[in-house]
Q: 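Mind looking over this structure? Questions follow.
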Amino acid sequence: MAKEGGLLDEGLEGLNHNFLTGQLENLIKWARYRSVFPATFGLACCAIEMMAAGGPHYDLARFGMEVFRASPRQADLMIVAGRVSQKMAPVLRQIYDQMVEPKWVISMGVCASSGGMFNNYALVQGVDQVVPVDVYAPGCPPGPETLMHAIMTLHEKIKDGELTKRRGAGKGAGLVIEQRDGQTGGGRGLEQPVLLSRS
Amino acid sequence: MGADGSPAAQTFEGRQEMTSAALTSAVAKLRESGAVMRMTEEASQQVQETFDGDPTGDERMIMNMGPQHPSTHGVLRLMLELEGETVLRVKPVIGYLHTGMEWTGEELTYLQGPTNVTRMDYASPIFNELVFCLTVEKLLGVEVPERATWIRMLMAELNRMASHLLFMATNGMDLGAVSMMLYGWREREEVLRFFEMVTGLRMNHNYIRCGGVAADLPDGWRDHVLRLLDMIPPRLDEYDTLMTGQPIWRDRLQGVGAITAEECVALGVTGPILRSTGYAWDLRRDDPYLAYDEVDFDVVVGTYGDCFDRYAIRLNEIRESIRIVRQVLDKMPKGDYRVQDRKVTPPPRARIDESMEALIHHFKIFTEGFKVPEGEAYCAVESPRGELGCYIVSDGSSHPYRMHIRAPSFVNLQSLPHMMHGGLIADGVAVISSVDPIMGEVDR
């Protein structure tokens, strides 16, 4: 640093290459939303449309999302594509738990979102009973355009949201942030440590 | 201890788990290996001996595959017992997509029925609607107008093309020909575009209704189909270049997962798997429904009953479907697209604005549905996966008393343990892929 012509002597003009400055947080968010790797979690009809969205015509690669990871440990996003049965729900939760933070969930289609037309003994009436959902994509099944809209909505959310996500004491990244008055939990008379809930 | 002497697995899923061969009785092992229903003593002796290796050997292991696995076509779960890389036993565990659709079908009216059944086999939804409507029409005794029949045939054959193109894509991807994934989807998209034009939806159309179809074909449909028919054949030839003659492709598929016609019949396997053994069984020809007796087409059969034959049969069935669609285009009659029976058919939309009776009729038919005479009926069609049957018992009300679907994927899945037995685990993926199971139809 103390070398002649270095940053300390001449400031930015002393550099012989270009660089950008920015907040680290923005940079991380930029990197995150530009390459969200979805886990392959196809269940039913919606999975076909999800694959169609990854196909040549709709081309999810435009959003840096064509790499469907077979292992949940390499994935950032779980697209719950299809109806979730009572038998599948524990499996789904296990896969979600295997994904590393930060992670997001898109509930694709009405069956995943609310049970859809199958209001019966076999289906979980909404996957948000099992995992926290970030974006709901409506439709039966949602076309690839709807899925892409959901994905872009998620991108906006990643871009504008908080950097780290916490979902419960010791869960997720294992971080617990105590909130004081004047911060998010303030004014609600909460004495326990308040965890930042997701927006 | 279970009924057959093996200890029950201590999981919430109970006996579905696979226990090691050392702890499993011969009866249970035979049951798991498939094809045990009418086995001769010699054959059963042979099967028992196959398992009689060293059940506690170092190389033995029980492995779980799925339900979330990229090559299990959805949520199929397999319990495998391996000796090194050789598959000894396979136990498919299903039910991860059980949606209670047969139950829901009994809650919905006959008019709403197609909405439900179309979501079973989501790669070929038209066939589900078709078989449901054929069964209800059989109970009703309704004669469907000729044009509706031919529209149904057109849609069914195009759907068969779409389904087999989907198979081409997934089969290619399962075996590592990833570019095939892109090509298969590209062609399927073209077919779906026509479906969207006709039915308004890309999948789950609810287009075929009891008494006809939901809407007439739109203007310009013929040109659209003709464009499709000109586009697809050269691309199928590309597939031939890319895969059929390719040595890697042949090595991966030829002789893998072979099954004989007798075994297929014993297991109730139908569709391309049965035809791959050389048994020319196609309901379109052997039990003609719609107007299949008026069109000319070939039933494609294989010789060896292996994965390659199943692949080749599906590829050539796309060509046969194109041939049928061309004939349908020539013979498409004019006339009504649904039966003019006021009991079954809602009034045309334009009439509702003019006539109070039409409005009442419309309201009654959509809220209460129509009543179907008491009785039971079974109809079957040749879906891309095999014999798709629908069995309905009516108690004279507007809901089915019992609705059961004979799902070809479900029955064909039984052949998995048999076809995978003795093969390598990498070939197992090829076998699963060549069965082409749609889990929505398996579990319903």
Side-chain angles (χ1 to χ4, degrees), chain A residues 39-59 61 66 68-72 75 78 80-96 98-99 109-111 115-124 139-146, chain B residues 12-13 16 66-75 77 93-108 112 115-116 118-123 125 162 166 169-170 173 179 181-190 192-193 196 201-204 206 438-441 443-444:
Chain A
T40 49
F41 199 75
L43 292 169
C45 334
C46 294
I48 304 284
E49 289 296 63
M50 181 172 78
M51 285 151 79
H57 186 70
Y58 294 97
D59 196 12
E66 80 282 13
F68 280 85
R69 302 312 304 190
S71 163
M78 183 158 82
V80 184
R83 33 191 198 250
V84 182
S85 67
Q86 304 281 1
K87 189 172 178 178
M88 195 63 192
V91 182
L92 184 133
R93 178 70 210 194
Q94 190 178 356
I95 288 165
Y96 177 79
Q98 284 173 353
M99 288 164 63
V110 289
C111 293
M117 63 177 283
F118 302 109
N119 184 9
N120 62 23
Y121 64 93
L123 280 202
V124 175
C140 189
E145 296 94 340
T146 317
Chain B
F12 67 99
E13 288 182 325
Q16 290 180 347
Q68 193 263 345
H69 188 278
S71 65
T72 53
H73 286 228
V75 289
R77 178 178 172 205
V93 182
I94 60 171
Y96 286 98
L97 199 55
H98 179 58
T99 317
M101 282 170 142
E102 287 182 0
W103 186 87
T104 300
E106 288 151 22
E107 295 290 301
L108 300 175
Q112 297 164 324
T115 323
N116 177 38
T118 190
R119 282 157 176 81
M120 286 181 181
D121 180 355
Y122 36 78
L166 176 66
T170 52
M173 193 180 66
S179 46
M181 182 78 187
L182 300 177
Y183 294 135
W185 281 108
R186 183 184 65 180
E187 270 70 271
R188 185 173 180 268
E189 242 4 274
E190 300 291 341
L192 290 196
R193 213 160 289 157
E196 194 169 8
L201 284 162
R202 290 159 51 84
M203 294 165 64
N204 302 351
N206 192 18
I438 295 289
M439 294 314 288
E441 195 187 26
D443 294 335
R444 299 191 291 282

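The chains referred to below are lettered A, B, ... by the order of the sequence lines, with proteins before strands, and numbering in each begins at 1.
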Q: Using non-hydrogen atoms and a 4.5 Å limit, figure out which bit of A:Tyr58 sits close to chain B: side chain, backbone, both or neither.
A: side chain
Q: Return the option, out of B:Trp103, B:Tyr122, B:Tyr183, with the maximum number of heavy-atom pairs under 4.5 Å with chain A.
A: B:Tyr122
Q: Given a strict heavy-atom distance threshold of 4.5 Å, which part of B:Leu108 is in contact with chain A: side chain, backbone, both, or neither?
A: side chain
Q: Would you mind reporting whether B:Leu97 and A:Met88 have side-chain heavy atoms less than 4.5 Å apart?
A: no
Q: Of the non-hydrogen atoms in A:Arg83 and B:Met120, which two are nearest, and what is the gap between them?
A: NH2-O, 4.2 Å
Q: If we check side chain to side chain contact (heavy atoms under 4.5 Å, CB included) with A:His57, which of these qualifies: B:Glu190, B:Arg186, B:Arg193?
A: B:Arg193
Q: When you measure from the side chain of A:Asn120 to the backbone of B:Thr104, do you find a donor-acceptor pair of N or O atoms at a distance under 3.5 Å?
A: no
Q: Highest number of heavy-atom pairs under 4.5 Å with chain B: which of A:Pro144, A:Gly143, A:Ala81?
A: A:Pro144
Q: Could you check whether any side-chain heavy atom of B:Arg119 comes within less than 4.5 Å of a side-chain heavy atom of A:Cys111, counting everything from C-beta outward?
A: no
Q: Any sub-3.5 Å donor-acceptor pair from A:Ser85's side-chain atoms to B:Tyr96's backbone N or O?
A: yes
Q: Measure distances from A:Ala52 to the heavy atoms of chain B and classify the residue's part below 4.5 Å as side chain, backbone, both or neither.
A: both
Q: Less than 4.5 Å apart, side chain to side chain, heavy atoms only: is that true for B:Thr170 and A:Met51?
A: yes
Q: Which one, B:Leu182, B:Asn204, B:Thr99, leads in non-hydrogen pairs under 4.5 Å with chain A?
A: B:Thr99
Q: Is any side-chain heavy atom of B:Arg188 closer than 4.5 Å to a side-chain heavy atom of A:Ile48?
A: yes
Q: Tell me, side chain or backbone of A:Cys140 under 4.5 Å from chain B's heavy atoms, or both, or neither?
A: both
Q: Strictly under 6.0 Å, is that where the ring centroids of A:Tyr121 and B:His98 end up?
A: yes
Q: At a 4.5 Å cut-off on heavy atoms, which part of B:Asp121 comes close to chain A: side chain, backbone, both, or neither?
A: neither
Q: What part of A:Ile95 gets closer than 4.5 Å to chain B, counting heavy atoms only: side chain, backbone, both or neither?
A: side chain
